[in-house]
S.K.: 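First the structure, then my questions, so here it is.
Protein chains get the first letters and strands the later ones, always in sequence-line order, with residue 1 at the start of each.
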Amino acid sequence: MSAAPMTMVGGLNAGLRASLDHDPRVLLMGEDIATLGGVFRVTDGLAKDFGDQRVFDTPLAESGILGTAIGLAMAGFRPVVEIQFDGFVFPAFDQIVTQLAKHHYRSAGHTPLPIVVRIPYGGGIGAVEHHSESPEAYFVHTPGLRVWTPSDANQAYLGIQAAIACPDPVIFLEPKRRYWDKAEVALGTLSADDAERMWSSRTLRTGSDITVVAYGPMVRTCTEAANALAELGVKATVIDLRSLSPLDLDPIFASVRQTGRCVVVHEAVETVGLGAEIAARVVEECFYSLEAPVQRIAGPHVPYPPSRFERHYLPSIDRVVAGVVQVMAG
Amino acid sequence: MTEGEHTEPLHLLAPDGSLSEASSALPLPPQLLEPDLLRALFRDMTMARRVDTEATALQRTGELGLWSSCLGQEAAQVGSAHAMDERDFAFPTYRESAAAWVRGVDPVALLGLYRGTTHGGWVPDEHRFALFTIVLGAQVLHAVGYAMGQQRLDSGGAAIAYFGDGATSEGDVHEAMVFATVTNAPVVFFCQNNGWAISEPVHRQTTVPFTQRAAGYGMPTMRIDGNDVLASLAATQWALEHARGGSGPVFIEAVTYRMGAHTTSDDPTRYRPPGELEYWATQDPIDRLRLLMINREVAAEDFFVEVQAQADALGERIRAAVRGAEDPEAGLMFDHVYASDHAQVERDRQRWSAPFAEGGVMA
Ligand SMILES: Cc1ncc(C[n+]2csc(CCOP(=O)(O)OP(=O)(O)O)c2C)c(N)n1
Ligand SMILES: [Mg+2]
């Protein structure tokens, strides 16, 4: 095992490379992933090193990509498909929800579909329409799909390998605003146990006053907010969910029983988002420990706005700090 | 027109400015050589190119988040948009800034989309030009539906759908051709085959000319030189008349080339083969019209100088307007989510305008 500082793009690239090396059934397919290496360069160099039978550009059709990936999986391959941006997964939504999610169930367990759907998601990069959305709730709401999202380069490196090793279909959401953030990546093979552990939430720091739950792009925002809160004398626990389906909530319940307070932070629209599910579960499990209502800090009920609005739309460090302070007063 | 006859795209105006014989496949109506029309086509292509250059420069200085250049595709867009009459309606992608110019959309309004102040920018009905559509292929179905509406309204109008070579692979485009042919809808499919879908060359999308596919769906097709503004205008006029007259949809493939990067975020040196750009530079749509106009003595140097001055003035107006634009006020993001009142939007509008201390979300 060696450690190296990498961007999230680099971590993903290294993780994909490790999986391609490790398992000849792994295929990478999508728009502009081969020659170009993907619009974010996540697959840079992989077509050259693994050849066009294993890493290939598809025609420009997302339903086609997902549908053929399902057929490839039925033929014994493990396709990892790239959807170029969050807003372009919807032409594939039918194949994902009606076919991919249900096939194991319909075949009474005989035909798993080990497909990973990589989707750069979330805002904060000043992009045009359909390039900043957070569609995770649609997928989490769909039984049969697993959903996973990294918060840094090391998590990305490990998580993409765990997703590829998983026998279930995995929607793998990559927080594009964190693509260029660097972190130490612990290179090395992922054991089956390591892979299994990736489906749990992870406590990043422990504080006795409040439990802050986040995932993907908001993990860094919340960690930075926790630093600012510490200066105000508020000690926050920060938990990175990582897996959005299944949800590993026991560590959150345990923490809330200590702190009595909880906020959930995400970019996606608040209405029926992940925060709603987590708040409901925390209330069910920790009702008698709660000292204030569970607070959600999330997107308003509007389409993702034009980029000049995004600083108002996205939860910022300031908004997280202020939200926590408000819950502390409650 | 039957497919298979012509593999070479049809043209009327060659790169050296000479006119070719009009054929039965692509007639050249004599009005197309009217001096006023030639001057208008030249002016529109030049102005569109100036918008494009200015937008690219504004992106470089951070005034725009992104720009998708139509450099090299001016003839395809200007010619086809000139063929529209007041009953027709166009459905563009994100690259049709030259067509938008012809339809009277103010470039400053159009750049709002790329600056990130709006997702739209103009009133579609005012220009008979729909909002730009980024999701590939979606607007092609809208064009067909609009055309089905014209059948029911008996308006005599037609729709024209713009889309790229890459977008032809999307299911929506195929479904659009199915709907259009079985309903005999008055719609023109205008495919700009500019050689590339980001880094993917055309042969990733098709092994036959796109016109051959369209013929399979059951409509007449034309494959034209997309850098020839006269061919683009003549073909689209023919197609729109065919559609308006009740004879059903037509498919035009305009073979052209994207001279710029896919967008300002793209690096074409990673995939463009050597020599390609140089070849297409010899096919420039504006240069060849200039040569024709000089040959036919339709315009002299003073005309070209005047158009250049107009283009420069336009460039300056755009630059000043975009640079001086204020960011929209935050509360505007809550407007127009629904056509009627909606409790969640109103609740969030209140929370977003109030400080935390008052139960809002503003820090
Ligand atoms: C449904 C969908 N998938 C992917 C994209 C990302 N994307 C934007 S433009 C583009 C290439 C389009 O190529 P083409 O249709 O030839 O049009 P051109 O850009 O060349 O004008 C891609 C893949 C998108 N906008 N919409
Ligand atoms: Mg193209």
Side-chain angles (χ1 to χ4, degrees), chain A residues 31-41 44 56-64 67 84-85 87-88 90-91 94 125-131 269-271 296-313 315-326 329, chain B residues 65-66 68 94 112-119 132 134-138 164-174 197-201 204-206 262-263 265-267 270-271 327-328 330-335 337 342-349 351-352 355-357 359 361-363:
Chain A
E31 296 160 8
D32 304 290
I33 70 156
T35 314
L36 189 64
V39 293
F40 291 106
R41 308 293 184 261
D44 195 21
F56 54 95
D57 283 337
T58 64
L60 213 168
E62 291 76 11
S63 182
Q84 205 162 75
F85 281 93
F88 309 136
F90 299 106
D94 171 46
I125 62 160
V128 293
E129 200 184 9
H130 311 296
H131 293 70
V269 171
E270 184 179 78
T271 316
R296 289 170 293 168
I297 298 174
H301 198 81
V302 304
Y304 196 89
S307 61
R308 298 264 164 175
F309 292 93
E310 67 183 348
R311 68 179 192 277
H312 305 295
Y313 179 97
S316 58
I317 296 171
D318 284 351
R319 247 179 87 196
V320 175
V321 168
V324 166
V325 167
Q326 192 189 22
Chain B
L66 186 82
S68 44
Y94 43 83
L113 189 71
Y114 293 89
R115 185 172 169 83
T117 53
T118 173
H119 284 328
F132 274 9
I134 292 177
V135 179
L136 294 166
D165 45 289
T168 61
S169 293
E170 292 284 359
D172 278 6
V173 173
H174 291 264
I198 310 186
S199 73
E200 298 195 6
R204 281 270 163 233
Q205 319 295 341
T206 186
H262 169 69
T263 65
S265 304
D266 177 41
D267 173 14
R270 290 179 75 102
Y271 53 81
D327 271 3
L332 290 174
M333 77 173 160
F334 295 95
D335 289 355
V337 182
H342 189 281
Q344 265 77 53
V345 175
E346 292 318 314
R347 174 170 177 268
D348 284 349
R349 188 198 295 278
R351 293 161 74 208
W352 254 257
F356 263 112
V361 309
M362 298 308 284

S.K.: Does A:His312 use its side chain to pair, donor to acceptor, with the backbone of B:Gly331 at less than 3.5 Å?
M.R.: no
S.K.: Does A:Asp32 offer a backbone N or O that forms a donor-acceptor pair with the side chain of B:Glu200 under 3.5 Å?
M.R.: yes
S.K.: Which heavy-atom pair separates B:Ser199 from A:Leu36 by the least distance, and what is that distance?
M.R.: OG-CB, 3.5 Å
S.K.: So B:Ile134 and A:His131, do their side chains get closer than 4.5 Å, heavy atoms only?
M.R.: yes
S.K.: Apply side-chain hydrogen bond (donor to acceptor under 3.5 Å, both in side chains) to B:His262 and list each qualifying residue two or more places apart in sequence or on a separate chain.
M.R.: B:Arg95
S.K.: May I ask you to name which of B:Gly166, B:Gly137, B:Ala138 has the most heavy-atom pairs under 4.5 Å with chain A?
M.R.: B:Gly166
S.K.: Quick check: closest heavy atoms across B:Met333 and A:Pro300, and the distance to 0.1 Å?
M.R.: CE-CG, 4.3 Å
S.K.: How many angstroms lie between CZ in B:Arg347 and CD in A:Glu270, if you round to the nearest 0.5 Å?
M.R.: 6.0 Å
S.K.: Under a 4.5 Å heavy-atom cutoff, which of B:Val345, B:Val173, B:Val337, B:Ile198 has the most pairs with chain A?
M.R.: B:Ile198
S.K.: Pick from B:Thr206, B:Val135, B:Leu136: which one has the most heavy-atom pairs with chain A under 4.5 Å?
M.R.: B:Val135
S.K.: Looking at B:Arg115, is its backbone amide N or carbonyl O close enough to the side chain of A:Arg308 to form a donor-acceptor pair, meaning the two atoms are under 3.5 Å apart?
M.R.: yes
S.K.: Which one of B:Phe132, B:Phe334, B:Trp352 has the most heavy-atom pairs closer than 4.5 Å to chain A?
M.R.: B:Trp352
S.K.: Tell me, out of B:Ala330, B:Gly65, B:Ala197, B:Gly112, who's got the most heavy-atom pairs with chain A below 4.5 Å.
M.R.: B:Ala330
S.K.: For a quick test of reading the model, state the closest non-hydrogen atom pair linking B:His119 to A:Tyr304 and the distance between them.
M.R.: NE2-O, 2.8 Å
S.K.: Where on A:Glu129 is there a heavy atom nearer than 4.5 Å to chain B: the side chain, the backbone, both, or neither?
M.R.: both
S.K.: Among A:Ser307, A:Pro91, A:Pro315, who wins on heavy-atom pairs under 4.5 Å with chain B?
M.R.: A:Ser307
S.K.: Measure distances from A:Phe40 to the heavy atoms of chain B and classify the residue's part below 4.5 Å as side chain, backbone, both or neither.
M.R.: neither
S.K.: Where does A:Thr271 contact chain B at under 4.5 Å (heavy atoms): side chain, backbone, both or neither?
M.R.: side chain
S.K.: Can you tell me which of B:Asp165, B:Asp266, B:Thr118 forms the most heavy-atom pairs within a distance under 4.5 Å of chain A?
M.R.: B:Thr118
S.K.: Could you check which of A:His301, A:Arg311, A:Glu310, A:Glu62 has the highest count of heavy-atom pairs closer than 4.5 Å to chain B?
M.R.: A:His301
S.K.: Using heavy-atom distances under 4.5 Å, tell me whether A:Phe85 contacts chain B through its side chain, its backbone, both, or neither.
M.R.: neither
S.K.: List the atom of A:Pro59, the atom of B:Arg204, and the distance in Å for their closest heavy-atom pair.
M.R.: CG-O, 3.5 Å
S.K.: Taking side chain as everything from C-beta outward and backbone as N, CA, C, O, which of these in A:Val325 sits under 4.5 Å from a heavy atom of chain B? Side chain, backbone, both or neither.
M.R.: neither
S.K.: Taking the side chain as everything from C-beta on, heavy atoms only, tell me whether B:Val361 gets closer than 4.5 Å to A:Arg319.
M.R.: yes
S.K.: Which atoms of A:Pro305 come close to chain B, meaning under 4.5 Å heavy atom to heavy atom: side chain ones, backbone ones, both, or neither?
M.R.: both
S.K.: Can you tell me which portion of B:Leu113 sits under 4.5 Å from chain A's heavy atoms? Options are side chain, backbone, both or neither.
M.R.: backbone
S.K.: So, using salt bridge (Lys or Arg N to Asp or Glu O under 4.0 Å) as the criterion, who are the partners of A:Asp94 when residues are at least two apart?
M.R.: none
S.K.: Would you indicate whether the side-chain heavy atoms of B:Asp267 and A:Arg41 approach each other to under 4.5 Å?
M.R.: yes
